[in-house]
Asks: 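So that we are looking at the same thing, I have put the structure below in structure tokens.
Bear in mind the structure is a predicted one, so any value in this text is a computation, not a measurement.
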Amino acid sequence: MFEELTDKDIYDRAISAEKPAVVVFYKPGKGENQEVFNLLSKFQLIYGDKVNFFSMNAEQNTTHEDLGIFYFPTVLYFRETMELERHDYIPTEEEVERAIRRLLRL
């Protein structure tokens, strides 16, 4: 699992942080969660020094409502207060790679 965010710290730690961030919004007990976390863990090993990876429990927080997230898990990619990409489905490795490269302007 990635470091867990809350409604109180998501803005400072992920959305407006100096480093770009990948945030997985999830609801516990959904089978798809592990698939997404396993996929993103591969990229955390590669890009973890340049991109922060976080998770957020949608049953304990309400930020997902403000961001219009209705499907779980959903992956959001943030840089400089902007959402650059959203995967509200199980993304492919190629889609994640493309989104992270966009975060890093590669």
Asks: Taking the side chain as C-beta and beyond, is there a heavy-atom pair between Pro28 and Glu59 under 4.5 Å?
Replies: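 Yes, close enough: below the 4.5 Å cut-off.
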
Asks: Can you run down the salt bridge (Lys or Arg N to Asp or Glu O under 4.0 Å) pairs that involve residues 17-45, sequence neighbours left out, and say none if there aren't any?
Replies: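 Output for this query lists Lys42-Glu93.
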
Asks: Would you check if the side chain of Ser16 reaches a backbone N or O of Tyr11 as a donor-acceptor pair within less than 3.5 Å?
Replies: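 Pair found, side chain donor or acceptor close to backbone of Tyr11.
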
Asks: Rounded to the nearest 0.5 Å, what separates atom CZ in Phe78 from atom CD1 in Ile15?
Replies: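 Between atom CZ of Phe78 and atom CD1 of Ile15 there are 4.5 Å.
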
Asks: Any side-chain heavy-atom pair from Ile100 and Tyr77 closer than 4.5 angstrom?
Replies: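 Ile100 vs Tyr77: side chains touch.
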
Asks: Mind listing the closest non-hydrogen atom pair of Asn61 and Asn57 along with its distance?
Replies: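 Residues Asn61 and Asn57, closest heavy atoms: ND2-O, 3.0 Å.
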
Asks: Can you measure from CD1 (Ile10) to CG (Asp12) and round to the nearest 0.5 angstrom?
Replies: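 Reported value, rounded in 0.5 Å steps: 10.5 Å.
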
Asks: Please name the pair of heavy atoms, one in Leu40 and one in Phe53, separated by the smallest distance, quoted to 0.1 Å.
Replies: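 So the two residues come closest at O-CE2, 3.9 Å.
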
Asks: For the pair Asp9 and Thr6, evaluate side-chain hydrogen bond (donor to acceptor under 3.5 Å, both in side chains) and give the outcome as yes or no after the intermediate values.
Replies: CA-CA 6 Å; Asp9 64 9; Thr6 66; 3.2 Å; yes

Asks: Could you list the residues that satisfy side-chain contact (heavy atoms from CB on, under 4.5 Å) with Asp88, not counting sequence neighbours?
Replies: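 Here the qualifying residues are Tyr71, Thr74.
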
Asks: Kindly give the heavy-atom pair with the smallest separation between Asn52 and Arg13, and that separation in Å.
Replies: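 Looks like ND2-O, 4.3 Å.
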
Asks: Tell me the salt bridge (Lys or Arg N to Asp or Glu O under 4.0 Å) pairs involving residues 96-106, sequence neighbours left out?
Replies: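 Only Glu80-Arg105, Glu85-Arg102 qualify under salt bridge (Lys or Arg N to Asp or Glu O under 4.0 Å).
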
Asks: Same cluster or not: are Val51 and Val75 linked, directly or through other Ile, Leu, Val, Met, Phe, Trp or Tyr residues, by side-chain heavy atoms under 4.5 angstrom apart?
Replies: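 Same cluster: Val51 reaches Val75 through Ile, Leu, Val, Met, Phe, Trp or Tyr contacts under 4.5 Å.
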
Asks: Nearest heavy-atom pair of Tyr89 and Glu95: which atoms, and what distance?
Replies: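 Taking every non-hydrogen atom into account, OH-OE2, 3.1 Å.
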
Asks: Should Ser55 and Phe37 count as side-chain neighbours, where that means a heavy-atom distance under 4.5 Å?
Replies: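 Side-chain contact under 4.5 Å: yes.
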
Asks: Indicate whether any N or O donor in one side chain lies under 3.5 Å from an N or O acceptor in the other, for Tyr26 and Gln34.
Replies: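 There is no such pair (donor and acceptor under 3.5 Å, judged by atom type) between the side chains of Tyr26 and Gln34.
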
Asks: First locate atom CG of Leu67, then atom CZ of Arg86, and finally report the distance between them rounded to the nearest 0.5 Å.
Replies: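 Result: 6.5 Å between the selected atoms.
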
Asks: Is there a side chain to side chain contact (heavy atoms under 4.5 Å, CB included) between Asp7 and Met56 once you walk through the steps?
Replies: CA-CA 9 Å; Asp7 289 332; Met56 187 171 216; 3.5 Å; yes

Asks: Does any part of the side chain of Leu76, heavy atoms only, come nearer than 4.5 Å to the side chain of Phe25, both counted from C-beta?
Replies: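 Yes - at least one pair of side-chain heavy atoms lies under 4.5 Å apart.
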
Asks: Determine the minimum heavy-atom distance between Gln44 and Phe2, stating which atoms define it.
Replies: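 For Gln44 versus Phe2, the nearest heavy atoms are OE1-CE2, 3.1 Å.
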
Asks: Are His64 and Phe70 close enough that their ring centres sit under 6.0 Å apart?
Replies: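 No - the distance between ring centres of His64 and Phe70 does not fall below the 6.0 Å cut-off.
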
Asks: Give a yes or no on whether Ile69 and Val36 share a hydrophobic cluster (residues Ile, Leu, Val, Met, Phe, Trp, Tyr; joining criterion: side-chain heavy atoms under 4.5 Å apart).
Replies: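 No, because Ile69 and Val36 fall into different hydrophobic clusters, even though each may have its own neighbours under 4.5 Å.
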
Asks: Hey, does Arg79 have a side-chain heavy atom less than 4.5 Å from the side chain of Leu104?
Replies: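 A side-chain contact is absent here, since even the closest heavy-atom pair is not under 4.5 Å.
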
Asks: Can Leu103 be reached from Val23 by stepping across I, L, V, M, F, W or Y side chains whose heavy atoms are under 4.5 Å apart?
Replies: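 No, Val23 does not connect to Leu103 through the hydrophobic network.
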
Asks: Which heavy atom of Ala21 sits nearest to which heavy atom of Ala14, and what is that distance?
Replies: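 Where Ala21 meets Ala14 most closely, the heavy atoms are CB-O, 3.7 Å.
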
